[in-house]
Amino acid sequence: MDKKYDFSAIERKWQQDWEKRGLHKVVRDDSREKFYLLEMFPYPSGKLHMGHVRNYSIGDVMGRYYTMQGKNVLHPMGWDAFGLPAENAAIKHGVHPDPWTRENIANMREQLKTMGISYDWDREEGTCLPEYYKWTQWIFTKFFERGLAYKKKAAVNWCPSCATVLANEQVIDGHCERCDSVVEKKDLEQWFFRITDYAQRLLDDLDKLPGWPDKVKTMQENWIGRSEGVQLEFHTEAGDPVPVFTTRHDTVYGVTYMVLAPEHPLVAKLTAGTAYEQPVQEFVRRVSKLSFIDRTSSDLEKEGMFIGAYAINPVTQERVPIWITNYVIYEYGTGAVMGVPGHDQRDFDFAKKYGHAIRRVVAPPQWDGSELQEAYESYDGIMVNCGKYDGLTVPEAKKQMADDMEAAGIGKRVVNYRLRDWLISRQRYWGAPIPIVYCEKCGAVAVPEDQLPVLLPTDVEFKPTGESPLKTSPTFRDTTCPVCGGPAVREMDTMDTFVCSSWYFLRFTDAHDPKEAFNRELADYWMPVDQYIGGVEHAILHLMYARFFTKVFHDMGLCETEEPFTNLLTQGMVLKDGSKMSKTKGNVVSPEVIINRFGADTARLFILFAAPPERDLEWNDTAVEGCSRFLSRFWRLYVNILEREGLDAPLPATFTEADKAVRRAVHGATKKVGEDIAVRCQFNTAISAIMEAVNAVYDYLDSEAPNAAILHESAEYLLQLLAPFAPHITEELWHEMGHTESIHISHWPAYEEAALAQDSVEIVVQVNGKIRARLQVPANSSQEELAEIVRSQPQYAEWLAGKTVTKTIAIPGKLVNLVVK
RNA sequence: GCGGGCGUGGUGGAAUGGCAGACACGAUGGUCUUAGGAGCCAUUGCUUCGGCGUGCAGGUUCAAGUCCUGUCGCUCGCACCA
């Protein structure tokens, strides 16, 4: 064998070999336990970045490990291939998005192959391919049938730079998630998915996901934003109902005014023909012109205006003025709020500014009778100024008042969610066309399955006008109604790309099926995904949408599972010089360059060794070289061992101390690596355990009489332990050791419990917790024996320093602590 | 403001409540060498050599990086959600 580790030749050789032999192809096999392993599929930008390398390296360790454990591992890869970058490239460079995307996919596929990831490439899918988006469209039509897809006019988030609308989830701090432009509000007719119908289930079922990080579950919980309260029926003096939503119905006696959102329909009605009409319209216009970011910022100065009308408090029959303000959100609750300045800080500020009365209805436990200097929002208190409710605690009052409101028919307990329906229309070309046609007679009609897919037309122009290129097609728009055959026009919007990625994990179970989106039997065999891996940036958007789709599919009888991802690992970012790698910062390290220079095995080893997967990882060039040196050192170990005679001899009947030491190291590492991969997902410590074992084998080579059979055993174990991390070098050495089958389908080695045992162990002697000595003691000494050993030591009196022992704590294998006084 | 997470050597990071700093990177010295950005050997938390050390202050415990309380700092998510 070569004396030198030629990673480049080795990696190429085995990548070709695996591909030729179809090593990673997988089919349903009921004789083995299935394991569905999935990494979030990438957008085909054209080049892999280090985040991808990390994501897929983590996945590949698990995939190869579970395969060696005998599981039937599905490990597919595909492309989240629709989206704006392709369209922007088209506008900028005049290349059509389709070939641009395909070329990027081809590049990235090749780069992925140089990493040696164990994908079943036969299942590769791309969301932009008609064979895929046909089924995305079919799913839309099913949602439409079930009333889960509907069209409505709404104030929507508009990104002027992308010239399209955005889902609420895609607006980050009032900016476009994609291009960072300030998002505007626009009134448009758009398609929505009724995800709010599933709000409660999406919330409740988080409890069924013990394998998800709490952080992600908390984020989803906050995003769903459930709050319980009462919808209370106020009326205007003229009799118009004005329901309000409140979580503090206990403070209804503290209401001193009412506020409406400027968009509230009653605003125009109540002011029509009054002196207030003009100034109110002026105010509404001014507020609606505010950008999204200003409008929803809590820094915004609270402004308001009386609209000349009054409402009647249904509990107290008090007459309170109706105002409009810029801080009430029309889309949440009922768009109307009761103003309780005494117990809500926003209302307090507003009341101070505009001279509304501030009334205390909750008194803190030790109230000295003083005035409110700020809103008292705490639930810890006693009701005052509340008539018959005086003296109740806040929780008591909440219950009693809600009961009374319901009995009197003036209010009902309701639950509100912060979650809004998912706006899926996009005014762009490079997405799946929404399969709807508009017929004058029949209205909006879903395109029937036998006419799917609605193909993207190619006769379009890409111009930087902001207009969707789809609208430039002379052939796309006009069609016939599938119901009555009359003239009809197509929907010109495409779907949010998050729709395409909300079901791809199901398609992988039955990729390329021409007859259905996925086969139920196959889906039920493979689903749910046992391990999903990706960036935490998808904690809300993608992961919530995918859960929503899966629940709908379940309800439709398309699959058994209700939760798509059993275990979720959210990997940290790859940083350089303390910040995320980005072109603008100029701190990008190219995976291609690293793999060419050091090899895929080194790149993978470094990225797995440098930090636990969930934590951010600081890129370090010299540490990469360190990993490269480790693999060279690993290689030389085998050069040394393979030169020896007698490797195939059976293990000796008795072991020397050196034999025992090396076997303990190797078998101990076997135990630890298995646990680190399967239980803890801590690959850095797994690798360090392998390094320790390698060091132990080197020590053994230097020992008096290293036994060839033990070297052989150690060498095989270490190869198998390292195989999931560095698949190429281990495959090469495995064959050098005489194997003819791939190491990656060999059985994960079992450690021998007996090899872990030690004859003697070092324990620590402490006096009052301070270390005084270390002793070698027989490994299986009991507590009593340990105490006796310590007492019999010549230095025993010295340790006590004249004091008397009041207690002796003996922990076998660890320490003896003498408590003295 | 609300809700998560995290604070350990020069660096990345280890430590089922039981020897803090495993394993590496870097650094220093040595060795081999025509050469060394290779290999090998040694040292590497601080220290006045008594000890002291896991952001800070308390607490629980025979024993705390780990559990509890408070606090400071960093970070992520949500945020005028009534």
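Chain letters run A, B, ... following the sequence lines, proteins first and then strands; every chain starts at 1.
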Of the candidates B:C23, B:A82, B:G18, the side chain of A:Arg346 sits closest to B:A82

Distance between the P atoms of B:C74 and B:A64, in whole angstroms? 30 Å

TODO: Give A:Asn695 one of three labels, base, sugar-phosphate or nothing, depending on what nucleic acid heavy atoms sit under 4.0 Å from its own.
DONE: sugar-phosphate

Among B:A82, B:G26, B:U16, the one nearest any side-chain atom of A:Lys814 is B:U16

- request: Would you indicate what A:Glu331 reaches in the nucleic acid, counting non-hydrogen atoms under 4.0 angstrom: base, sugar-phosphate, or nothing?
  value: nothing

Less than 4.0 angstrom between a side-chain N/O of A:Tyr327 and OP1 or OP2 of B:A82, yes or no?
no

To the nearest angstrom, the CG-C1' distance between A:Asn416 and B:C80 comes to 16 Å

Check your understanding: With sugar-phosphate meaning primed atoms plus P, OP1 and OP2, does A:Val819 contact a base, only sugar-phosphate, or nothing at under 4.0 Å between heavy atoms?
Key -> sugar-phosphate

- prompt: Do the non-hydrogen side-chain atoms of A:Ile811 and A:Gln783 ever get within less than 4.5 Å of each other?
  reply: no

| Counting heavy atoms not belonging to A:Lys353, are there more than 12 under 6.0 Å from its NZ? | yes

TODO: State, with a plain yes or no, whether a side-chain heavy atom of A:Leu232 is found less than 4.5 Å away from one of A:Pro243.
DONE: no

Would you call A:Lys3-A:Glu643 a salt bridge at under 4.0 Å N-O? yes

Is A:Ile809 touching bases, backbone alone, or none of the nucleic acid, heavy atoms closer than 4.0 Å? base

Testing B:C23, B:A20, B:C81 for proximity to the side chain of A:Ser688, the answer is B:C23

query = Without hydrogens or angle criteria, can the side chains of A:Asp421 and A:Thr196 be said to hold a donor-acceptor pair below 3.5 Å?
reply = yes

Are A:Phe498 and A:Trp422 close enough that their ring centers fall under 6.0 Å?
no

Inspect the surroundings of CD in A:Glu798 and state if more than 12 heavy atoms from other residues, nucleotides or ligands are less than 6.0 Å away.
no

Inset, instruction - Can you tell me, in whole Å, how much space there is between the C1' of B:A15 and that of B:U54? - result: 11 Å

Taking B:A22, B:C81, B:A24 as options, the one with an atom nearest any side-chain atom of A:Tyr332 is B:C81

Here the distance between atom P of B:C78 and atom CD of A:Gln170, to the nearest Å, is 13 Å

Atom P, compared across B:G1 and B:G12: separation rounded to whole Å: 30 Å

Margin query: Using 30° and 60° as the class boundaries, would you call the ring planes of A:His356 and A:Trp323 parallel, tilted or perpendicular?
Written below: perpendicular

Rounded to whole Å, the CG-P distance (A:Leu815 to B:A15) equals 19 Å

Quick note, A:Arg418 side chain, CB onward, closest among B:A20, B:C25, B:C78 is B:C78

- Query: Looking across every strand, which nucleic acid part, if any, lies under 4.0 Å from A:Ser632 by heavy atom: base, sugar-phosphate, or nothing?
  - Reply: nothing

When rounded to whole Å, the CD1 to P distance for the pair A:Ile540 and B:C76 reads 15 Å

Quick check: do A:Leu202 and A:Gln220 have side-chain heavy atoms less than 4.5 Å from each other? no

Here the distance between atom C1' of B:A82 and atom NE2 of A:His249, to the nearest Å, is 13 Å

**Q.** Interatomic distance at C1', B:C46 relative to B:C40, whole Å
**A.** 30 Å

Readout for nucleotides 3-13 of chain B: B = base within 4.0 Å of protein heavy atom, S = sugar-phosphate only, - = neither; 5' to 3' it is SB-------BS

Rounded to whole Å, the NZ-P distance (A:Lys770 to B:A63) equals 10 Å

query = Is A:Arg248 positioned over the aromatic face of A:Tyr379, cation under 6.0 angstrom from the ring centre and no more than 45 degrees off axis?
reply = yes

Heavy-atom contacts, protein to nucleotides 34-48 of chain B, under 4.0 Å, summarised as B (base), S (sugar-phosphate only) or - (none) per nt, yield ---BSSS--------

A:Asp250 CG to B:A82 P, in whole Å, measures 13 Å

Over 60° means perpendicular and under 30° means parallel, so classify the ring planes of A:Phe630 and A:Phe634, tilted if in between.
tilted

Exercise for review: Please tell me if the side chains of A:Phe234 and A:Ile410 come closer than 4.5 Å, counting only heavy atoms from C-beta onward.
Suggested key: no

B:G50 glycosidic conformation (syn if within 90° of 0, otherwise anti) is syn

Per atom distances to the A:Thr685 side chain, the nearest of B:A82, B:A14, B:G26 is B:A14

Comparing nearest nucleotides in RNA chain B, the 5'-proximal residue of the pair A:Ile687, A:Arg248 is A:Ile687

By nearest-heavy-atom nucleotide on RNA chain B, the more 5' of A:Lys672 and A:Asn768 is A:Lys672

* Looking only at atom P, what distance separates B:G9 and B:G65, rounded to whole Å? -> 14 Å

Taking B:C56 as the reference, what is the distance to B:U11 when you measure between their P atoms (whole Å, please)? 15 Å

- Task: Give a yes/no answer on whether the side chain of A:Arg680 brings an N or O atom under 4.0 Å of OP1 or OP2 in B:A15.
- Result: yes

Check your understanding: B:G45 and B:U8: how far apart are their C1' atoms, nearest whole angstrom?
Key -> 10 Å

Taken to the nearest whole Å, CZ/A:Arg772 to C1'/B:A63 is 14 Å

Picking from B:C23, B:A82, B:C80, the nucleotide nearest the side-chain atoms of A:Lys302 would be B:C80

Notebook entry, point to check: Are A:Arg633 and A:Tyr698 in a cation-pi contact, defined as NZ or CZ under 6.0 Å from the six-membered ring centre and within 45° of the axis?
Noted result: yes

Next item on the list: Taking the side chain as every heavy atom from C-beta outward, state whether A:Val820 and A:Asn768 have any atom pair closer than 4.5 Å.
Entry: yes

Intra- and inter-strand pairing of RNA chain B, written as dot-bracket with Watson-Crick and G-U pairs under 3.5 Å and | for the latter, reads (((((((..(((.....[....)))((((((.......))))))((....))..(((((..]....))))))))))))....

Its glycosidic angle compared against 90° from 0, B:G9 adopts the form syn

*Would you say the side chain of A:Arg420 and the base of B:C81 hold a donor-acceptor pair, judged only by whether the two atoms sit under 3.5 Å apart?*
yes

